[in-house]
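All remarks here apply to the structure that follows.
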Amino acid sequence: MGGTFDPIHLGHLVTAEQALFDLRLDEVVFLPAGAPWQKSRAVTSPGHRYLMTALATAGNPSFTVSRLEVETPGPTYTVDTLRRVRAALPDDELFFITGADAILNILTWKDAEECLALASFIAASRPGHDVGDLAAAGLMDRVTVLDVPALAISSSDVRQRFAAGRPVRYLIPREVEEYARKHGLYNAAHHGLVAGSLP
């Protein structure tokens, strides 16, 4: 399951659990992006995002977290990651789970056609993103839509709440909230845009 996870929230966890059940997966590997090249905003350091993801998933034995991208120097590309995973697991069936909003941009990704050939892409439905848009983009026959219970939670809203001093309880795991507060992530002084160094 790929994403920036800045920070990881309950919507991500619900999506992963739904995919595990609906697709009969052996496990879900969370893959925090290293330096996502298409992000127009600064992102929290990969080390912080990795640790928050590890804290959020620690209680589920079917969830693991990979350092594959966070340890990759420079911009990270999904196709490079999928090539490495495919090489390491040549006989496994791979699924790449991400939000339907991200899937809509897949044709702008580096080597998009190879990405689609390396794994089965799963588009998790999100409130406010019509899966009909996938059809308009010519992707309906190339991705599988995963219906997820409607949780109108986004990482950008969580960052804004932190910066404004508003509550984030029940939006993100308690351990993630405690970690973010301890390290001063997303506070008003940084306007939610913390580069930081690897912890």
Side-chain angles (χ1 to χ4, degrees), residues 1-33 36 39 41 43-44 46 48-70 78 81-82 85 92-106 119-134 139-140 142-163 166-181 185-186 192:
M1 182 170 174
T4 310
F5 303 126
D6 192 15
I8 189 169
H9 56 68
L10 296 183
H12 294 130
L13 299 174
V14 169
T15 297
E17 186 69 15
Q18 193 73 43
L20 192 73
F21 180 82
D22 286 2
L23 303 172
R24 295 179 171 84
L25 304 179
D26 295 314
E27 68 176 327
V28 175
V29 179
F30 286 76
L31 188 71
K39 285 287 182 185
R41 63 171 183 84
V43 296
T44 305
H48 284 309
R49 291 184 289 105
Y50 169 83
L51 288 174
M52 287 188 288
T53 305
L55 286 169
T57 58
N60 190 326
S62 297
F63 293 169
T64 57
V65 186
S66 171
R67 295 187 64 92
L68 189 61
E69 285 203 5
V70 300
T78 300
T81 301
L82 289 175
V85 174
D92 288 11
E93 185 176 4
L94 299 180
F95 297 84
F96 189 86
I97 308 160
T98 193
D101 52 334
I103 293 281
L104 285 170
N105 295 320
I106 193 171
S120 297
F121 274 71
I122 309 301
S125 63
R126 292 181 57 176
H129 294 90
D130 185 357
V131 294
D133 294 340
L134 292 171
L139 294 170
M140 279 304 284
R142 307 184 74 183
V143 302
T144 300
V145 175
L146 177 72
D147 289 321
V148 180
L151 286 175
I153 304 172
S154 69
S155 295
S156 59
D157 179 58
V158 171
R159 291 191 303 273
Q160 291 167 4
R161 285 174 170 270
F162 265 110
R166 296 172 61 212
V168 296
R169 191 176 185 184
Y170 305 125
L171 298 176
I172 60 176
R174 178 182 52 81
E175 298 86 353
V176 173
E177 178 181 0
E178 290 173 355
Y179 182 94
R181 293 196 189 286
L185 309 180
Y186 317 120

Y186 vs P7 side-chain heavy atoms within contact, under 4.5 Å: yes
From L31 atom CG to T98 atom OG1, the distance as rounded to the nearest 0.5 Å: 10.0 Å
Side-chain heavy-atom pair R181, F162 within 4.5 angstrom cut-off: yes
P173 side chain reached by L13 side chain, heavy atoms, under 4.5 Å: yes
Minimum heavy-atom distance between P32 and T53, given as atom pair plus value: CG-OG1, 4.0 Å
Flag side-chain contact, heavy atom, 4.5 Å: Y179 against H48: yes
Pair D147, Q18: side-chain N/O donor-acceptor within cut-off below 3.5 Å: no
Polar contact flag, side-chain donor to acceptor under 3.5 angstrom, E27-S62: no
Between D6 and S155: side-chain donor-acceptor atoms closer than 3.5 Å: no
pair L25-I97: side-chain heavy atoms closer than 4.5 Å: yes
Sub-4.5 Å side-chain heavy-atom contact between T78 and T81: no
Gap between atom NE2 of H9 and atom CG of D157 - 0.5 Å precision: 9.0 Å
R169 side chain vs R174 backbone, donor-acceptor pair below 3.5 Å: no
Shortest non-hydrogen contact from V14 toward V148: CG1-CG1, 3.7 Å
Side-chain donor or acceptor of R49 paired with backbone N/O of T4 under 3.5 Å: yes
F121 and I106, any side-chain heavy atoms less than 4.5 Å apart: yes
Worked check of side-chain contact (heavy atoms from CB on, under 4.5 Å) between L23 and F95: CA-CA 9 Å; L23 303 172; F95 297 84; 4.3 Å; yes
Mutual orientation of the aromatic rings belonging to H12 and F5 [parallel < 30°, tilted 30-60°, perpendicular > 60°]: perpendicular
Exercise: identify the closest heavy-atom pair between M52 and V176: O-CG2, 3.4 Å
Nearest heavy atoms of I8 and I172, plus distance in Å: O-CG2, 3.5 Å
Closest approach of A16 to F30 (non-hydrogen atoms, all atoms of both residues): CB-CZ, 3.4 Å
Heavy-atom closest pair, residues V143 and I103: CG1-CG2, 4.0 Å
Enclosure of D92 CG (heavy-atom neighbours >12, cutoff 6.0 Å): yes
Student check: side-chain heavy atoms of E17 and F63 closer than 4.5 Å: yes
Test log, rule side-chain contact (heavy atoms from CB on, under 4.5 Å), inputs L146 and D22: CA-CA 8 Å; L146 177 72; D22 286 2; 3.5 Å; yes
Spacing of OG1 belonging to T44 relative to CZ belonging to R159, to within rounding of 0.5 Å: 7.0 Å
Expected output: side-chain R161 to main-chain P167 donor-acceptor under 3.5 Å: yes
